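The block underneath contains the structure these notes are about, expressed in structure tokens.
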Amino acid sequence: RNLAWSPDGASVAFAVRDTIFVAATADTVARPIAVNTGKYRYLHSLAWSPDARLIAYVAGLPGSEFGNTGAGGDIWIVAADGGSPAQVVSGERLNLSPAWLDAGHLLFVSNHDGPRGVYVVGVGPRGRRGQPRLVPGVADPLSISYAISSNRLVFARSTVRTNIRAYPLRAPGATSVRNGRQVTRGNQMVVYADVSPDGRWIAYGSDVRVLSKLPLDGGDAVPLASLPGGVHPRWSQDGREIAFAGTRGDSPGLNQIMLVPAEGGRVAQLTNAPGQNVFPAWSPGGRSIAFTSTRTGGARVWRLSRDSLGGPWREVGQLTDF
């Protein structure tokens with residue numbers, strides 16, 4: 001997914017982290033042609049235009065090429081001989097799998113209007129021309145490929161559902177995966193979850209973009225925060241608060257560390273920094289939270305602190321430099 005051949009087969013474009021390279025098959029040295037400077041730095045799904053002038057690609061989070069992240073992805077284009085990338089569509093929604101319809105139009109998968117569909121948009125060296133339009137007749141695509149010579153579109157369909165199951169910790173023998181007790185249900189994708197210290201509740205986020213808690217002995221889910229993201233929930237040691245990573249409307253796709261009372265209530269935003277701020281982890285006393293941030297480029301560990309339980313939070317600073 002990080003590699004694309006030129007139409008004549010003489011060159012290949014590929015991505016390494018936030019940089020796109022082009023290499024001629026007759027050469028052993030790759031030439032960097034662009035560095036993506038948007039909010040996402042993981043590049044994938046490269047597609048070379050049929051006239052060999054432009055390269056389209058997706059900038060998203062790791063895993064976004066499979067459609068299994070809560071955040072979306074930006075689609076960009078860049079001149080094949082180098083230059084500044086131009087954005088085609090933004091990552092407030094899921095945007096995947098660019099494929100060229102012709103030299104001036106790009107197909108891609110998106111949930112721009114709700115369910116996943118195929119969209120077409122005009123493009124040029126400076127970016128988008130006009131608004132994306134839905135292509136009818138393709139239901140729930142995940143990735144696409146288009147053959148210009150035969151005017152045929154091939155698409156893969158995928159509906160991912162992942163829910164939480166519970167298993168006995170001290171079973172006398174091996175336990176089959178099928179024997180787990182299903183805890184969450186529904187057409188959703190649950191990726192991260194955390195059990196409360198008293199073992200009565202589980203907090204989880206899903207691709208329906210709601211952070212919820214659910215009684216483990218049965219019952220209905222209780223929504224706690226309806227924010228995009230809503231991932232990496234972690235209960236405080238006293239069970240009174242839940243830290244998690246979520247996004248606000250003014251920073252789509254960029255997670256900040258949030259805090260919500262376990263009984264529900266106002267959501268407090270604890271960080272306000274560029275990049276991804278994720279994976280909160282409580283100190284035993286509940287007065288510090290360590291978390292991962294990409295605000296300086298690569299992932300580093302930072303720390304939040306407060307003088308007393310219930311007191312105001314402040315950023316203490318960076319803990320790691322690697």
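Computed from a predicted model, the values in this text were never measured in an experiment. Any value given below was found using the heavy atoms of this structure, including those in side chains, with hydrogens, waters and symmetry copies removed.
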Please walk me through it: do Tyr146 and Phe155 pass side-chain contact (heavy atoms from CB on, under 4.5 Å)?
CA-CA 9 Å; Tyr146 183 73; Phe155 68 96; over 6 Å; no
Report the C-alpha separation of Ser90 and Asp74 in whole Å, then their side-chain angles, then the decisive distance to 0.1 Å, and conclude whether the side chain to side chain donor-acceptor pair (under 3.5 Å) test is met.
CA-CA 5 Å; Ser90 68; Asp74 299 333; 5.2 Å; no
Going through the distances and angles, do Thr271 and Gln256 end up as a side chain to side chain donor-acceptor pair (under 3.5 Å)?
CA-CA 6 Å; Thr271 62; Gln256 304 292 342; 2.7 Å; yes
For Trp201 and Leu216, run side-chain contact (heavy atoms from CB on, under 4.5 Å): C-alpha distance rounded to whole Å, both residues' side-chain angles, the deciding distance at 0.1 Å, then the answer.
CA-CA 5 Å; Trp201 297 86; Leu216 280 172; 6.0 Å; no
Checking side-chain contact (heavy atoms from CB on, under 4.5 Å) for the pair Ile144/Val154: CA distance, chi angles, key distance, verdict?
CA-CA 6 Å; Ile144 59 174; Val154 179; over 6 Å; no
Ser288 vs Arg303, test: side chain to side chain donor-acceptor pair (under 3.5 Å). Steps then yes/no.
CA-CA 7 Å; Ser288 289; Arg303 184 165 67 98; 3.0 Å; yes
Checking side chain to side chain donor-acceptor pair (under 3.5 Å) for the pair Arg152/Ser150: CA distance, chi angles, key distance, verdict?
CA-CA 5 Å; Arg152 287 184 176 269; Ser150 60; 4.7 Å; no
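When hydrophobic clusters are built by joining Ile, Leu, Val, Met, Phe, Trp and Tyr residues whose side-chain heavy atoms come closer than 4.5 Å, directly or via intermediates, Met258 is grouped together with Leu211. If you chain together hydrophobic residues whose side chains sit under 4.5 Å apart, Val78 and Leu54 never meet in one group. A continuous path of hydrophobic side-chain contacts links Leu101 to Leu96 [ILVMFWY only; heavy atoms under 4.5 Å]. Val123 and Leu107 fall into different hydrophobic clusters, where Ile, Leu, Val, Met, Phe, Trp and Tyr residues are linked whenever their side-chain heavy atoms come under 4.5 Å apart, directly or through other members.
The backbone N or O of Val278 lies less than 3.5 Å from no partner atom in the side chain of Gln276, so there is not a single donor-acceptor pair. For Ser110 (side chain) and Leu94 (main-chain N/O), a donor-acceptor pair under 3.5 Å exists by modelled atom type. Gln182 contributes a side-chain N or O that, together with a main-chain N or O of Thr184, makes up a donor-acceptor pair within less than 3.5 Å. Judged purely by atom type and a 3.5 angstrom limit, Asn277 uses its side chain to pair as donor or acceptor with the backbone of Ala273. Within the 3.5 Å criterion, the main-chain N or O of Ala47 finds a donor-acceptor partner in the side chain of Trp100.
Just one residue in the list Asp194, Ile164, Val190 forms a side-chain contact (heavy atoms from CB on, under 4.5 Å) with Ile202, and that residue is Ile164.
Leu106 has its side chain within reach of Ile75: a pair of non-hydrogen atoms, C-beta onward, lies under 4.5 Å apart. You'll find the side chain of Leu214 reaches within 4.5 Å of the side chain of Val183, heavy atoms only. Annotation: side chain of Tyr192 is in contact with side chain of Pro233 (closest heavy-atom distance under 4.5 Å). Here the side chains of Lys213 and Leu224 are in contact, with some heavy-atom distance below 4.5 Å. Side-chain atoms of Phe244 and Val260, non-hydrogen and from C-beta on, do get closer than 4.5 Å to each other. Within the 4.5 Å cutoff, the side chain of Ile33 has no heavy atoms near those of the Phe21 side chain. The shortest distance between side-chain heavy atoms of Val12 and Val22 does not fall below 4.5 Å. Between Pro98 and Val58 the shortest side-chain heavy-atom distance falls below 4.5 Å.
Within a 6.0 Å radius of CZ in Arg200, no more than 12 heavy atoms belonging to other residues, nucleotides or ligands are found. In the displayed structure, Arg287 atom CZ is contacted under 6.0 Å by at most 12 heavy atoms of other residues, nucleotides or ligands. Applying the 6.0 Å contact sphere to CD of Gln318 captures more than 12 heavy atoms from other residues, nucleotides or ligands. Residue-environment remark: CZ (Arg181) exceeds the threshold of 12 foreign heavy atoms within 6.0 Å. Within 6.0 Å of CZ in Arg240 there are 12 or fewer heavy atoms belonging to other residues, nucleotides or ligands. Few gaps surround CG on Asn151; more than 12 heavy atoms of other groups in view lie less than 6.0 Å from it.
Using the six-membered ring where Trp is involved, His232 and Phe279 have ring planes that are parallel, under 30° apart on the 30 and 60° scheme. Tyr119 and His112 have perpendicular rings, their planes meeting at more than 60° on a 0 to 90° scale where under 30° would count as parallel.
The pair Asp140-Arg116 meets the salt-bridge criterion, since a charged nitrogen lies less than 4.0 angstrom from a carboxylate oxygen. Using a cut-off of 4.0 Å between Lys/Arg side-chain N and Asp/Glu carboxylate O, Arg306 and Glu241 are scored as salt-bridged.
Considering all non-hydrogen atoms of both residues, Gly124 and Ile77 come closest at O-CD1, 2.7 Å. Here the shortest heavy-atom pairing between Leu46 and Ala15 reads CD1-CB, 4.0 Å. When all heavy atoms of Leu309 and Gly286 are compared, the closest pair comes out as CD2-O, 3.6 Å. Across Val267 and Ala225, no two heavy atoms sit closer than the pair CG2-CB, 3.8 Å. Here the shortest heavy-atom pairing between Ser212 and Ala221 reads CB-CB, 4.4 Å. Counting all heavy atoms, side chain and backbone alike, Thr294 lies closest to Ala299 at CG2-CA, 4.1 Å.
With side-chain heavy atoms closer than 4.5 Å counting as contact, directly or through intermediates, the hydrophobic cluster containing Ile257 also holds Leu259, Leu270, Trp282, Ile289, Phe291, Trp302, Leu304, Trp313.
Every residue was checked against the ring-ring contact (aromatic ring centres under 6.0 Å, His included) condition with Tyr167, not counting sequence neighbours, and none meets it. Taking Asp18 as the reference, Arg41 meet the salt bridge (Lys or Arg N to Asp or Glu O under 4.0 Å) condition, with sequence neighbours excluded. Listed by chain and residue number, Ser49, Arg53, Ala103 satisfy the side-chain contact (heavy atoms from CB on, under 4.5 Å) test with Asp51 (two or more places apart in sequence, or in another chain).
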Could you go through residues 130-137 and list every donor-acceptor pair under 3.5 Å that involves a side-chain atom there, pairing it with any protein atom two or more places apart or in another chain?
none

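For the atom pair Ser305 OG and Arg314 CZ, the distance stands at 4.5 Å (nearest 0.5 Å). Separating the CG atom in Leu43 from the CZ atom in Phe14 is a distance of 12.0 Å, to the nearest 0.5 Å.
Side chains of Tyr57 and Asn36: a donor on one and an acceptor on the other come within 3.5 Å.
Among residue pairs with one or both ends in residues 5-14, those qualifying as side chain to side chain donor-acceptor pair (under 3.5 Å) are Ser6-Asp8; sequence neighbours excluded.
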